[in-house]
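This report concerns only the one structure given below.
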Amino acid sequence: MKQPLVRFTNVSFTYARAQGRGGWQALRDVNLEVFEHEFVAVLGRNGSGKSTLAKHVNALLTPTSGQVLVAGLDTSVPENVWEIRQKVGMVFQNPDNQLVATTVEEDVAFGPENLGIPPAEIQRRVTEALEAVGMLQYRLHPPHRLSGGQKQRVAIAGIVSMRPKCIVLDEPTAMLDPAGRREVMETIHRLNKEEGITVLHITHHMDEVIGADRVLVMDQGRIVLEGTPREVFSQGELLRELHLDVPQITDLAQRLASRGVSIPSGILTVNEMVMHLCPSD
Amino acid sequence: MSIRLENVSFRYLEDTPMETEALLDVTLEIADGEFVGIIGPTGSGKSTLIQHFNGLLLPSSGKVWVDGVDLTHKDTQLRQIRQKVGMVFQYPEHQLFGETVLEDVGFGPRNMGLAEEEVVERVRRALAYVGLDFAELKDQSPFELSGGQKRRVAIAGVLAMEPSVLILDEPTAGLDPKGREEILDEICTLHRERGITVILVTHSMEDVARLVDRLIVMDRGRVALDGTPVEVFRQAETLKELGLGLPQVTELMHELKAKGMAVDTDVLTVEAAEEEIVKALGGQR
């Protein structure tokens, strides 16, 4: 049996006296395994525990009870934290809060510089990382002049330059326009497929989940639903109860099926729908 | 209350080497009671445009009238205009500051010099519009609320001024689908019941398709398209060039039609798409 890259065993987490009030239990007995090269999407309403889960993967938070192992390293052991954070990088929602330097290439070099890597090697890594996110031609640009999607790709490059095994993205597209969202989604799918980087992608956009290998749905600190996108989105009723939704196309397919149109219910994309309604000869 | 822009151009950092033209010769009028959506790629001038609607920015050249008042005139009291034209910025919950919800939401009306009873009454009404309970929340710290509640309290702070025009910049960013739907429904109710003019800036084609009467598409500081959602979404090519899409169901109808299916492409909602496809399939068989 293959070792998972990330393993949560009976993980619970309580925020200590959250903002003046009593403790808030954000994770309840979570068990989870993420394997290398997987693309896992995480859905859940606001406050369901998604971000808390994400922050456990690179030891920004450690469990109140239970255990998180990353590549076999226990996140609760302080000596492990440095190594864990080289293996797992995080991208957050607001692109403006993540960029630190005055040029794109300096920003991307920040991580490897802190690892004490020799300058020539840093140069090579920065070039590779910017190439991987399609931002090489902007290497000398000041980051604050870039679009939101470009800023997020630079933030991702900053992580790629550390050669991580896994990237955790916490709603990286929430503040982006449709073009920016597309850029970021294409970038993380490419990193997953071509560089083999494991992806944990948290989102409120149902259509960003479609290309994932596996979807986790969280509610009240627990994983309440898990499966392929097709399996998860066939549970329209349950998803709506959980304050979520299904993509418009999936909704339409379910409605058509109930009107007697012969069409499978787990349709996820416009193309699939067209293929079923207009089969080419 | 109408808003009229005539030949408005706006340049950031005018007369410096960094000068950037953000609006170029924009002429448009928003009539009283309209529900208008504004879409456009990042940097197209959406935010600059809406800041002209209440005098937060004044044009480098051109004129802006709100309710017949010329905002560029030196004697115009912009403060009064801003009470009538309420603006909800992106992530408005970052601007919460009061110790209690009552204090925070009541800040605007209190500053208008209203009597305390009237302030409290306005806070009560504003909270009700965003689906929050006055008695339950008034003494709570806004910082202890959930993300969705904070967003609502921040919107209520603008509503408590009882503006005639409400401008919202991405009011649902970062909310879960249910939260998004609830806030948009509340805005629709406000528009319907109180007849206020609503101007919604958003990246969601699905939302504008479902909600607005009129859609303005911005591109590089100009109005690229202006019409009903049906009219705008007919311009699939132009939208694609701007990096904008169609609502998923509209895109589907275009694809089905290209494959020879007899469907109307002026479809903006899942319900309409369902009827259209059932009808087309019925005709075939």
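Reckoned from all heavy atoms, side chains included, excluding hydrogens, waters and symmetry mates. Naming convention: chains lettered A, B, ... in sequence-line order (proteins, then strands); numbering from 1 in each chain.
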Could you list which of [range] have a heavy atom closer than 4.5 Å to any heavy atom of chain B, in residue-number order?
range	result
residues 171-182 of chain A	A/Glu171, A/Ala174, A/Met175, A/Leu176, A/Asp177, A/Pro178, A/Ala179, A/Arg182
residues 133-156 of chain A	A/Arg145
residues 225-258 of chain A	A/His243, A/Leu244, A/Asp245, A/Pro247, A/Gln248, A/Ile249, A/Asp251, A/Leu252, A/Arg255, A/Leu256

- Query: Is there side-chain contact between A/Leu277 and B/Leu281, with heavy atoms separated by less than 4.5 Å?
  - Reply: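 A/Leu277 vs B/Leu281: side chains touch.
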
Interatomic spacing from [atom1] in [X] to [atom2] in [Y] - rounded to 0.5 Å:
X	Y	atom1	atom2	value
A/His204	B/Thr172	NE2	OG1	10.5 Å
A/Asn46	B/Arg180	CG	CZ	9.5 Å
A/Thr203	B/Asp176	OG1	CG	11.5 Å

- Query: Quick one: which residues of residues 38-52 of chain B reach chain A at under 4.5 angstrom, heavy atoms only?
  - Reply: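 From residues 38-52 of chain B, the residues near chain A are B/Pro41, B/Thr42.
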
- Message: Heavy-atom pairs under 4.5 Å with chain A: which of B/Leu242, B/Thr202, B/Ile277 has the most?
- Response: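 Ranked by contacts with chain A, first place is B/Ile277.
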
- Task: Would you mind telling me which of B/Leu244, B/Thr269, B/Val249 has the largest number of heavy-atom pairs within less than 4.5 Å of chain A?
- Result: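 Of the options given, most contacts go to B/Val249.
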
Take a 6.0 Å sphere around [atom1] of [X] and say whether it holds more than 12 heavy atoms from other residues, nucleotides or ligands.
X	atom1	answer
B/Glu99	CD	no
A/Glu106	CD	yes
B/Tyr129	OH	yes

- Message: Counting heavy-atom pairs under 4.5 Å with chain B, which one of A/Arg259, A/Arg45, A/His205 comes out on top?
- Response: A/Arg259

- B/Glu170, part contacting chain A, at a heavy-atom distance under 4.5 Å: neither

- Message: Looking at every non-hydrogen atom in both residues, tell me the closest pair between A/Cys278 and B/Met261 and how far apart they are.
- Response: SG-SD, 4.0 Å

